[in-house]
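Below is one structure, written out as structure tokens; comments come after it.
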Amino acid sequence: MSQLLIEGGYPLCGVIDVQGAKNSVLPILSAALMSDGECSVLNFPEITDTYVAIDILRALGAKVVKQQDCITINAKNADGYEIPYGLMRKMRSSIMFLGSILAKNKKAVISLPGGCELGQRPIDIHLAALRKMGVNIEENHGFLECSHSGLKGCEISLSFPSVGATENIMLAAVKADGVTDIYNAAREPEIEDLARFLVKMGARIKGAGTDHISIEGVSSLSGCTHRVIPDRIVAGTYLCAVAATRGNALLKNICPLHIYAVTSLLKEAGCDIKIYDDAVSIECDKLKSVPLVRTMPYPGFPTDEQAPFMALMSIASGNTLFIETIFENRFKHVGELLRMGAKITTEGRVSLVEGVKKLHSATVQATDLRGGAGLAVAALAAEGSTVISSVEHIYRGYENFEYNISELGGKIKKI
Ligand code: EPZ
């Protein structure tokens, strides 16, 4: 297990380019499995989760070639229907391959997915929808054996606007017989990006980005070229890191609209934010607490930004109440922030952060991807040298993390 050594107290200043979005590229790689041609995906982020997705594609028989930031997938002869247990366990998004395997084959065999432990993460909404589309699913000791004699379009009303379930239904529906209407669909920008990719392949999709998505099945899908959207969560994390160190930076290659919920709270916290067409600048001298951060589905404040923003609020003047409405247990970073001198009280899905003047160095452990990123934000602002262990979690979602922080003048190295 690698560790990061971060010497805090250096303002992050300069310019960085933001990587392509992990949560876009993962379902897009799954969609490429259904193509009869060659798909090229640009702005591909080099992170461990995307490499797991490549391993899954290869295990299913696809040819995958990577050249710089472009990944090319040829899945014409990929007739595999079983994802090895080891790959399923490596990330939650391995479940995204279920919809596309079923669109391509009459059966699929997978195990329940792994991924960040954020409390219970059932896949009941995915499975109920696929069953409605005509899939017979047998659950045996943590394995799922799925089969069908033709996917059927239907009306699906989601009990919660689950991002993954919306994507899995879209993947299965593009080649189903008839029209599938998804009500209470997730509206995240990554859903729209997946729809754009599928439409380029020849799919018929309307309404992506709204809570009603309508998909008319087609018989075949061709190859295409697509550039994935910028990673809004990574952008938000770097903004928090710059603010926490009282720095001044320009983040390029982002879509400002996608991070509006974060930039508006940063403004409220006293940061000077300037919005450009595809960039955002931030400058922070003084930081004050915002009273309430409630995580919500898009366009609300993203749960994935809760930990980095909490690290920031832990050194702001005043109190912030965090309410986590999406995941059952997404405050694992709190115990680690306490070791660094933060004042936080947690009960269930609510945390009260009382800002302190300074955090101090400590030895802490990344407990999940965004929690780990939150600890890095705290360490960059803290007095002294902090060691963060289990940083593999951070590499699941952040490309060239040490390089980007160093480019901005942060003192960070892998040990
Ligand atoms: C996606 O996860 C993202 N992952 C997550 O990003 C993100 O935190 C989450 O959406 C919410 O925005 C990817 O896109 C790859 P959900 P997903 O289904 O699809 C419950 C990161 O840090 N639920 O919208 O798994 C579930 O337990 C990651 O990049 C069910 O109960 O999220 C959770 O409480 C982590 N049954 C809530 O819904 C289901 O069948 C939201 O989950 C499905 C979900």
Any ring-ring contact (aromatic ring centres under 6.0 Å, His included) pairs touching residues 394-415, not counting sequence neighbours? Tyr398-Phe401
Do the side chains of Asp272 and Lys274 get close enough for a salt bridge, i.e. N-O under 4.0 angstrom? yes
Check this for me: does any side-chain nitrogen of one of Lys76 and Glu38 sit under 4.0 Å from a carboxylate oxygen of the other? no
Is the side chain of [X] donor-acceptor paired with the backbone N or O of [Y] at a distance under 3.5 Å, no angle test?
{"X": "Ser162", "Y": "Ala165", "answer": "yes"}
{"X": "Asn43", "Y": "Val228", "answer": "yes"}
{"X": "Ser289", "Y": "Gly318", "answer": "yes"}
{"X": "Asn184", "Y": "Leu158", "answer": "yes"}

Scan residues 283-307 for pairs that pass salt bridge (Lys or Arg N to Asp or Glu O under 4.0 Å), counting only residues two or more places apart or in two chains. Asp304-Arg330
For residues 215-240, the salt bridge (Lys or Arg N to Asp or Glu O under 4.0 Å) pairs (sequence neighbours left out) are Glu190-Arg232, Arg204-Glu216
Are Phe322 and Phe331 close enough, and set up right, to give a ring-ring contact (aromatic ring centres under 6.0 Å, His included), and what steps lead you there? CA-CA 10 Å; Phe322 282 80; Phe331 285 140; 7.4 Å; no
With no hydrogens and no angle check, just 3.5 Å: does a side-chain donor-acceptor pair link [X] and [Y]?
{"X": "Ser390", "Y": "Gln365", "value": "yes"}
{"X": "His333", "Y": "Asp368", "value": "no"}
{"X": "Asn404", "Y": "Tyr238", "value": "yes"}
{"X": "Gln67", "Y": "Thr72", "value": "no"}
{"X": "Ser100", "Y": "Ser30", "value": "yes"}

